[in-house]
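Notes to accompany the following structure.
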Amino acid sequence: MKLVTWNVNSLKVRLPQVLQWLSENPVDVLCLQETKLTDDKFPAAEIEAAGYHVVFTGQKTYNGVAILSKHPMSEIVKNNPRFEDEQQRFIAATIEGMRVVCAYIPNGQSVGSDKYQYKLRWLEALHDWLADELKVHENLALLGDYNIAPEDRDVHDPVAWQGQVLVSELERAAFQRLIGLGFKDSFRLFEQPEKIYTWWDYRMMAFRRNMGLRIDHILLSLPLAARCTACIVDKVPRKWEQPSDHTPVIATVE
DNA sequence: ATGGCATAGTTCCTATGA
């Protein structure tokens with residue numbers, strides 16, 4: 001099973017790239033974030049025509065998540081039942097006996113802001129829901145844009161970023177609390193090259209200069225991690241014309 | 001010290017992202 005997460009920064013703009021990427025990279029599950037589409041405008045027919053089932057929950061302008069799957073999906077949950085949220089950032093489905101959660105964790109804007117507090121509350125509620133969900137689904141995968149770089153080696157310039165949102169202590173502690181439930185960061189199960197990132201600012205020629213952060217992750221519950229044979233970041237779509245600022249992360253589970 | 005790009009909607013500027 002190949003599981004993928006990709007923040008597409010508007011599926012309206014990026015649908016051709018998603019379909020192109022899928023035609024070159026057939027996968028079992030693709031979790032999308034920042035679709036920025038209300039459900040009535042979601043391109044379900046085009047995605048189904050490409051051979052994928054799809055579930056989604058969205059809103060206009062901001063947020064929005066979707067799961068594309070080669071296999072049928074059941075037990076669909078939209079929004080964390082433990083968190084009252086107007087923002088559409090969470091969707092879960094059971095696929096081939098695996099519980100798949102697609103999350104667009106809040107950005108947090110700046111440390112100490114209202115949005116930062118919202119981010120921490122959101123993470124706390126995610127933690128609590130996952131704790132219950134793991135009791136029912138030992139095969140659980142949490143894919144998404146976490147908006148957290150877990151360690152300094154996930155940051156192109158740790159000194160410049162020190163203490164900033166996306167790398168602050170409380171955010172990193174929240175990430176470790178998720179890990180503590182019984183997950184592995186699939187990317188770190190394997191020897192990886194240095195300076196691998198999943199997001200680069202559109203400005204400052206950041207991609208060309210590899211000024212990035214690794215903030216998109218695939219966490220696997222321990223039984224799934226034991227079956228994981230690879231996790232890679234595919235930089236190719238970030239080189240295309242009019243790219244998303246994020247690029248796909250792919251985990252393989254045998 | 002700031003903004004630098006991209007997206008979407010309230011457009012022909014503003015808010016937001018990371």
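Chain letters run A, B, ... following the sequence lines, proteins first and then strands; every chain starts at 1. Owing to the predicted nature of the structure, the values given are computational and were not obtained by experimental measurement.
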By nearest-nucleotide position on DNA chain B, the 5'-leaning member of A/Pro243 and A/Asn147 is A/Pro243
Is the A/Trp199 ring parallel, tilted or perpendicular to the A/His246 ring (thresholds 30°, 60°)? tilted
Here the distance between atom P of B/dG17 and atom CD of A/Gln59, to the nearest Å, is 11 Å
Write down the distance between CG (A/Leu37) and C1' (B/dT7), rounded to a whole number of angstrom. 12 Å
Expressed as a whole number of angstroms, how long is the span from A/Glu241:CD to B/dC5:P? 16 Å
Any ion pair linking A/Asp85 and A/Lys78 (charged N to carboxylate O, less than 4.0 Å)? no
Give one of base, sugar-phosphate or nothing for A/Val165, where a contact means two heavy atoms less than 4.0 Å apart. nothing
Please confirm whether the shortest side-chain N or O distance from A/Ser244 to OP1 or OP2 of B/dA6 is below 4.0 Å. no
Residue closer to the 5' end of DNA chain B, A/His246 versus A/Tyr202 (nearest nucleotide): A/Tyr202
Given the C1' atoms of B/dT11 and B/dA6, what is the spacing between them in whole Å? 15 Å
Describe the nucleic acid contact of A/Asn63 in one word from base, sugar-phosphate, nothing, applying a heavy-atom distance below 4.0 Å. nothing
Could you work out the separation of B/dT16 and B/dG3 based on their P atoms and round it to a whole Å? 15 Å
Determine the Euclidean distance between corresponding P atoms of B/dC12 and B/dT2; express it in Å to zero decimal places. 28 Å
Is A/Asp157 paired with A/Arg209 through a side-chain N to carboxylate O contact shorter than 4.0 Å? no
Does a side-chain N or O from A/Arg14 land closer than 4.0 Å to OP1 or OP2 of B/dA6, or not? no
Check the phosphate of B/dG17 against A/Lys115, side-chain N and O only, distance under 4.0 Å to OP1 or OP2. Yes or no? yes
Rounded to whole Å, please give me the gap between CZ in A/Arg89 and P in B/dT16. 12 Å
Within the structure shown, what part of the strands sits under 4.0 Å from A/Gln242 by heavy-atom distance: base, sugar-phosphate, or nothing? sugar-phosphate
Measure CD/A/Gln33 against P/B/dT16 and give the value in whole Å, please. 21 Å
Which pair of non-hydrogen atoms, one from A/His71 and one from A/Asp28, has the smallest distance, and what is that distance? NE2-OD1, 2.8 Å
Nearest whole Å is fine: how far is B/dT16 C1' from A/Asn7 CG? 13 Å
Distance check, P atoms only: B/dA15 and B/dA1, in whole angstrom units. 24 Å
A/Tyr146-A/Asp185 side chain donor-acceptor pair, cut-off 3.5 Å: no
Could you state the atom-to-atom distance from CG of A/Asp114 to P of B/dA15 in whole Å? 16 Å
Does one hydrophobic cluster hold both A/Ile67 and A/Val253, with members joined at side-chain heavy-atom distances below 4.5 Å? yes
Quick one: which of B/dG4, B/dA15, B/dT7 gets closest to the side chain of A/Tyr62? B/dA15
Could you tell me the separation between the NZ atom of A/Lys60 and the P atom of B/dT7, rounded to a whole number of Å? 19 Å
Look at all strands and tell whether A/Tyr197 reaches a base, only sugar-phosphate, or nothing, counting heavy atoms closer than 4.0 Å. nothing
